[in-house]
Amino acid sequence: MNNPENPSNNFIRNIVEDDLASGKNGQRVVTRFPPEPNGYLHIGHAKSICLNFGIAAQYNGTCNLRFDDTNPGKESDEYAQAIKEDVQWLGFEWNELKHASDYFDELYDYARELIKKGKAYVDSSSAEEVREMRGTLTEPGIESPHRNRSVEQNLDLFERMKNGEFEEGAHILRAKIDMASGNINMRDPTLYRIRKVTHMRTGDDWSIYPMYDYTHCVSDAMENITHSLCTLEFEDHRPLYDWVLDELQTPAHPQQIEFARLSLEYTMLSKRQLIKLVEEKQVSGWDDPRMPTITGMRRRGYTPAALRDFCERIGITKNDAWIEMAVLETCIRDDLNEKSPRRMAVLDPIKVVITDLPEDHNETLSFANHPQNESFGRRPVAFTQQIMIDRDDFSEDPPPKYQRLVPGGEVRLRGSYVIKCEEVIKDEQGNVIELRCSHDANTLGKKPEGRKVKGVIHWVSATEGVKAEVRLYDRLFTIANPLSADSLESVINKDSCITMSSCFVEAALADAQPEEQFQFERLGYFVADRRDHKSGAPVFNRTVTLRDTWAK
RNA sequence: UGGGCCGUCGCCAAGCGGUUAAGGCACCGGGUUUUGAUCCCGGCAUUCGGAGGUUCGAAUCCUCCCGGCCCAGCCA
């Protein structure tokens, strides 16, 4: 399953393979990823993107990117541009870039065909009346008084709707199916509504816009899609998808197949709710590194390869599955472990003075950039009399099995010498402000003689290191399913973003480029922030911590 | 209560009438290690929501029951 050469099967791949074997679509596999450009893509969309583009790639097919832009007013080119960027960033190339609005003319003509066949009619009932006549889940609906208008009258009204002669809400075009159907989608669904707003592409050309259920199947057919993959909530819409294509002489009749949407613990993948987080400024924007959006994850330092691996690992089924965050984090670590050069950074510094070294001591050490891969090369690291270590790596009252620095104890400075804590300096409040240590000059690249020193801690030269800001991110919510809470606000993790503003990083990090990724040894994987990082003022985001098996 | 769908290890997920019921994550050991990281090795479902039935043989077929999800936008 983890082997890209041999991906685990899923029921959709099985269907595609069966179709290929039977010659159903003449050996063609054509899929599409059809977002509405009304928001940013999130990791749930990534699942769909990987599925659609992945199926196409695996079976020598093609995949289109199609914007489902049938609801002007909610949609914008800004979103469309962002979606294109996200899909490309994830590593996919679409065959054709399409818009549902490309088919507005054909859709209109097909609607006239439906009217002529007596399969569609203009209803002049109000929205409320339509709702009342629809019935309920358990009771059938009743037929509209306008249901039996003549073809001529319907054609005339529909044309005048198109010409903008009526106000919004005055009429709708409905399919004439079955008001008593157990499937509410078949109770004379709306095909067109009047909307007098400017469309992102067609401007004011139209005053009627087709509904999703009518548009999607026709668009799929126009593009000769073979397998139209969508999420489970559209299962009930499939009979309508098929009804429309059965009534019309479209070039093809694609097969709609539904799979379960992604649910990821400790986050939330509802576009509506995500918009709220942005608007209410619970996060800094769509690309806040805590957001489950593609752009947010990118800024967080998640990689395209890791996200693709994640989508492969979680599988495709019809089960309502909740994926643990650990799966995602493992994918990120696996990729970054292999690809990230190592560096040292101290987030919460305590000064350490090596008292048995001259004040101007400055020794250049050579560090491997990757412990398992020599091709990463080496870098110089300055070791000086004054260094910084992380506050967590010193304790006067250590917990059991603590392997770091304690008063009178020894610890290895990574890649350097073994030091011993001789004296603890505190301020008036009793806070530790400095440690005075001695070093064993015979431990550079060698084990100390006659004793074992188990602990290894990272450090940065206090005089040669560079100041930096580091942002520590954590899960956005305190509970696995935030939508189950009374209010989102009550379950937001207040500690999900902690800014450490007086960090010390090794000099080699001053030249990092935005989006460049590193492992800060013993701390985790970090990325130079794509917006705020400057070479004179480095800013890093913690992508994910290292796996930590030490019970805290 | 109408219609549609789903139930295989803590979390995912293969499996499609004959397998000791894959694999991943998590977890628990053990080894290597100047990152408590990585890597390596080992452990982890006599059982497939439950009960009946069909069959030489059932997670796979049938029946009933139990649990869960979706649908009443002129949203997608």
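The sequence lines fix the lettering, A, B, ..., with proteins before strands; numbering per chain opens at 1. What you see below is based on every heavy atom in this structure, not just the backbone, and it leaves out hydrogens, waters and symmetry mates.
The side-chain hydrogen bond (donor to acceptor under 3.5 Å, both in side chains) check on Ser124(A) picks up Arg149(A), His171(A), with sequence neighbours excluded. Annotation: ring pair (Phe, Tyr, Trp, His ring centres under 6.0 Å) contacts of Phe520(A) (sequence neighbours excluded): Phe526(A), Phe540(A). Shown here are the ring pair (Phe, Tyr, Trp, His ring centres under 6.0 Å) partners of His227(A), two or more places apart in sequence or in another chain: there are none.
The distance between atom CD of Glu139(A) and atom P of G2(B), rounded to the nearest whole Å, is 12 Å.
Both tests hold for Lys162(A) against Trp206(A): distance to the six-membered ring centre under 6.0 Å, angle to the ring axis within 45°.
Contact check of residues 450-457 of chain A against RNA chain B (heavy atom, cut-off under 4.0 Å) returns Val456(A).
The partner of C75(B) is absent, by the rule that a Watson-Crick or G-U pair needs both atom distances under 3.5 Å. Across all strands shown, A59(B) forms no Watson-Crick or G-U wobble pair with both key distances under 3.5 Å.
Taking side-chain N and O atoms only, Lys447(A) has a distance below 4.0 Å to OP1 or OP2 of U34(B). Taking side-chain N and O atoms only, Thr330(A) has no distance below 4.0 Å to OP1 or OP2 of C25(B).
For the salt bridge (charged side-chain N to carboxylate O under 4.0 Å, His left out) condition, the pairs that include at least one residue of residues 258-267 of chain A, sequence neighbours left out, are Glu233(A)-Arg261(A), Arg238(A)-Glu258(A), Glu258(A)-Lys318(A).
Of the candidate nucleotides C25(B), U35(B), A13(B), U35(B) has the atom nearest to the side chain of Arg522(A). Side-chain proximity of Glu521(A) to G15(B), U35(B), A26(B): nearest is U35(B).
Here Tyr417(A) and Phe383(A) bring their ring centres to under 6.0 angstrom of each other.
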Expected string for nucleotides 68-76 of chain B under the B/S/- scheme (protein heavy atoms, under 4.0 Å, primed atoms plus P, OP1, OP2 as sugar-phosphate) is -SBBBSBSB
